[in-house]
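Structure first, commentary second.
Every heavy atom of this structure was used, including side-chain atoms; hydrogens, water molecules and symmetry mates were not. Protein chains get the first letters and strands the later ones, always in sequence-line order, with residue 1 at the start of each. Quantities reported herein were computed from a predicted structural model and do not represent experimental measurements.
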Amino acid sequence: MSIKDEIKKIKDNVYEIPGSFNKKMRASGRFYIADEYFDELEEGAVEQIVNVACLPGVQRYSIGLPDIHFGYGFPIGGVAAFSLRNGIVSPGGVGFDINCGVRLIKSNLTIDDIDGKLDELTEKLFKNIPSGVGSKGKIRLEENEINDVLDYGAEWAVNNGYGWPEDLEVLEENGRMVDADSSIVSEKAKKRGIPQLGSLGSGNHFLEVQIVDEIYNEEVAKVFGLEKGMIVVMIHSGSRGCGHQVCSDYLRVMDKAYKKYKVNIDDRQLACAPLDSKEAQEYIQAMAAAANYAWANRQMMTHWVRETFEEVLGKSAKEMEMDIVYDVAHNIAKMETHKIYNREEEVLVHRKGATRAFGPGCEEVPEKYRAVGQPVLIPGTMGTASYILHGTDVAMEETFGSTAHGAGRILSRSKAKKDYNADEITEDLESKGIKIKATSKNVIAEEAPGAYKDVDSVVRVSDETGIAKLVAKVKPLSVCKG
DNA sequence: ATGTGC
């Protein structure tokens with residue numbers, strides 16, 4: 001019998017896999033997907049929701065978000081929360097690119113201010129922000145400095161001249177997870193991290209100059225400092241080889257740990273350890289350190305974005321009001337307090353390809369946004385629109401304060417390379433007035449918009465189900481890619 | 001995502 005036959009439709013765009021589907025399930029599965037995408041949904045991704053629902057200490061629902069697709073162990077576009085008493089932590093529930101995330105920088109510029117200068121701006125951004133597989137940053141980190149990066153994140157960056165002290169106020173976790181402990185991060189992860197700090201990376205990572213194209217909620221847009229016609233910059237990047245290595249290191253640790261602690265898992269890729277174990281605590285500290293690396297990384301690139309705008313436009317970044325709107329993590333696990341059947345409980349929330357979407361009043365939301373909920377940044381694919389939403393009470397009730405993180409891949413990288421041609425895509429974007437600079441032609445074909453689910457539908461489902469509400473749409477003017 | 005397989 002197909003697993004999809006067991007799925008119950010709860011309401012428009014919301015589906016449930018009953019906990020009775022499988023004797024091992026300790027929670028139900030619940031996922032949000034555009035009704036028109038239901039038939040295309042991979043069975044494998046649904047099975048992964050079920051596998052996660054079988055893990056010890058899982059709370060309420062194993063959740064799939066509108067961009068869900070098959071991933072390593074846990075689905076991408078997945079959220080699961082575990083009890084601190086009998087739950088687990090799993091590197092597969094966070095993903096390889098620890099704290100891959102998105103940051104939005106605003107300005108007081110309009111299209112007229114960059115008229116005739118977009119090409120130069122894009123060329124210089126591409127030059128000043130290193131990108132590509134194995135790309136190296138342009139600073140030389142001292143051997144012991146990597147420990148400060150891992151322990152202090154964006155705070156290290158600001159203290160070392162990358163950006164402004166007030167930047168930290170508008171970063172998730174203020175750009176620093178205090179649980180981080182660099183002393184348990186492997187030498188190999190540090191060695192990979194040292195030369196790459198301050199680089200964009202490859203794949204779906206990008207840096208775009210964008211324009212605010214549409215405002216859906218004037219009141220909230222105003223609180224976030226956004227206006228129609230405003231030039232903004234979006235950075236999508238992560239923890240590079242450093243986070244990847246931390247994930248690999250701990251997948252190996254967990255592969256032993258789940259056997260040692262006799263955790264029953266349905267897929268070896270769900271390797272995990274009980275939260276009270278040494279292995280779990282060490283992974284959490286190492287993951288937090290890699291998350292800090294990613295925040296330092298995006299902070300440094302922010303600084304170079306501002307410098308580049310200054311160089312091309314001849315005004316200071318302060319004068320151009322290039323403030324950070326917000327910075328969100330897409331791949332992370334965090335201790336948070338959530339309502340579990342009318343009781344407030346501390347749980348470990350895994351978000352893998354998911355954005356935190358905390359609603360109004362949450363103390364984790366910066367004070368200036370607290371009345372309306374946190375900014376939620378959902379990037380589109382190369383050359384397509386991206387969206388700004390706000391967190392909601394519905395997300396707090398239903399999804400542990402989470403929503404989708406992006407478009408969601410539907411073609412593998414290799415299939416995309418077969419189906420698409422880099423020159424045609426470049427021409428197509430240029431015909432729409434979008435300039436693209438990329439390190440390799442391969443990445444352009446791999447990241448073809450057609451290889452992804454339509455981000456518009458992902459965002460629409462989020463808005464219609466209420467797990468994050470639309471605020472604004474931005475569209476790219478130019479794209480820098482690895 | 002990623003020294004794009006160990």
Side-chain angles (χ1 to χ4, degrees), chain A residues 45 48 67-78 90-103 130-137 146 185-207 235-252 255 268-269 286-287 289-291 293-295 297-298 301 328-333 350-355 379-382 404-418 422 438-448 451-452 480-482:
Chain A
Q48 289 185 322
D67 51 350
I68 185 167
H69 55 285
F70 185 81
Y72 183 96
F74 288 59
I76 297 160
S90 174
V94 172
F96 277 88
D97 191 2
I98 295 165
N99 192 8
C100 171
V102 177
R103 165 179 301 214
S131 65
V133 182
S135 54
K136 293 185 159 92
I146 187 71
V185 173
S186 70
E187 287 306 313
K188 200 173 172 186
K190 290 178 189 175
K191 201 177 165 195
R192 287 179 71 176
I194 288 169
Q196 294 184 331
L197 189 65
S199 67
L200 190 64
S202 182
N204 66 353
H205 289 166
F206 65 71
L207 187 152
I235 298 172
H236 181 196
S237 182
S239 51
R240 311 289 286 102
C242 180
H244 192 275
Q245 190 61 48
V246 168
C247 181
S248 301
D249 289 342
Y250 280 89
L251 280 171
R252 189 175 297 178
D255 199 54
R268 212 168 156 185
Q269 293 184 353
M287 177 210 61
Y293 180 100
W295 273 310
N297 194 33
R298 291 197 286 274
M301 290 188 277
V328 295
H330 282 165
N331 285 356
I332 205 156
H350 292 59
R351 291 192 185 87
K352 181 184 189 182
T355 315
T381 63
M382 179 175 64
H405 85 307
R409 190 172 268 284
I410 47 176
L411 293 186
S412 68
R413 289 180 191 279
S414 52
K415 184 86 167 63
K417 268 191 280 195
K418 274 187 200 138
T439 307
S440 82
K441 285 199 176 185
N442 255 347
V443 83
I444 298 183
E446 284 176 2
E447 296 302 317
Y452 285 85
C480 295
K481 285 198 78 80

Next item on the list: Please report, rounded to the nearest Å, how far the C1' atom of B/dT2 is from the NZ atom of A/K191.
Entry: 17 Å
Next item on the list: Specify the separation, in whole Å, of atom CD of A/Q245 and atom P of B/dT2.
Entry: 13 Å
Note to self: Could you tell me how far apart A/Y250 (OH) and B/dT2 (C1') are, to the nearest whole angstrom?
What the structure shows: 19 Å
Item checked: Integer-rounded Å distance: B/dT4 P and A/H205 NE2 -> 17 Å
Next item on the list: Could you check how far CD of A/Q196 sits from C1' of B/dT4, rounded to whole Å?
Entry: 13 Å
Item checked: Between B/dC6 (P) and A/H244 (NE2): distance, integer Å -> 8 Å
Next item on the list: Would you mind classifying the nucleic acid contact of A/K136 as base, sugar-phosphate or nothing, using non-hydrogen atoms under 4.0 angstrom?
Entry: nothing
Notebook entry, point to check: For residues A/R298 and A/N99, is any side-chain donor paired with an opposing acceptor at under 3.5 Å?
Noted result: yes
Note to self: Run A/M301 and A/L200 through side chain to side chain contact (heavy atoms under 4.5 Å, CB included) and show every step you take.
What the structure shows: CA-CA 8 Å; A/M301 290 188 277; A/L200 190 64; 4.1 Å; yes
Checklist line | Note, A/V443 side chain near A/F206 side chain (heavy atom, < 4.5 Å) | finding: no
Next item on the list: May I ask you to verify if any side-chain N or O of A/R240 is less than 4.0 angstrom from the OP1 or OP2 atom of B/dT2?
Entry: yes
Margin query: Within the 4.0 Å heavy-atom criterion, would you say A/G238 contacts the bases, only the backbone, or no part of the nucleic acid?
Written below: nothing
Notebook entry, point to check: A/L251 CG to B/dC6 C1': how many Å, rounded?
Noted result: 15 Å
Notebook entry, point to check: For the pair made of OH in A/Y293 and P in B/dT2, what is the distance, rounded to whole Å?
Noted result: 10 Å
Note to self: To the closest 0.5 Å, what do you measure between CZ (A/R351) and NE2 (A/H405)?
What the structure shows: 13.5 Å
Checklist line | Interface with DNA chain B, restricted to residues 90-98 of chain A and to heavy atoms under 4.0 Å | finding: A/F96, A/D97
Next item on the list: Grab the two heavy atoms, one from A/K190 and one from A/V185, that are nearest each other, plus how far apart they are.
Entry: CE-O, 3.4 Å
Next item on the list: Look at all strands and tell whether A/S202 reaches a base, only sugar-phosphate, or nothing, counting heavy atoms closer than 4.0 Å.
Entry: sugar-phosphate
Checklist line | Distance-only polar pair, side chains of A/R240 and A/S135, donor-acceptor under 3.5 Å | finding: yes
Next item on the list: Compare every heavy atom of A/E446 with every heavy atom of A/R409, then report the nearest pair and how far apart it is.
Entry: NH2-O, 3.0 Å
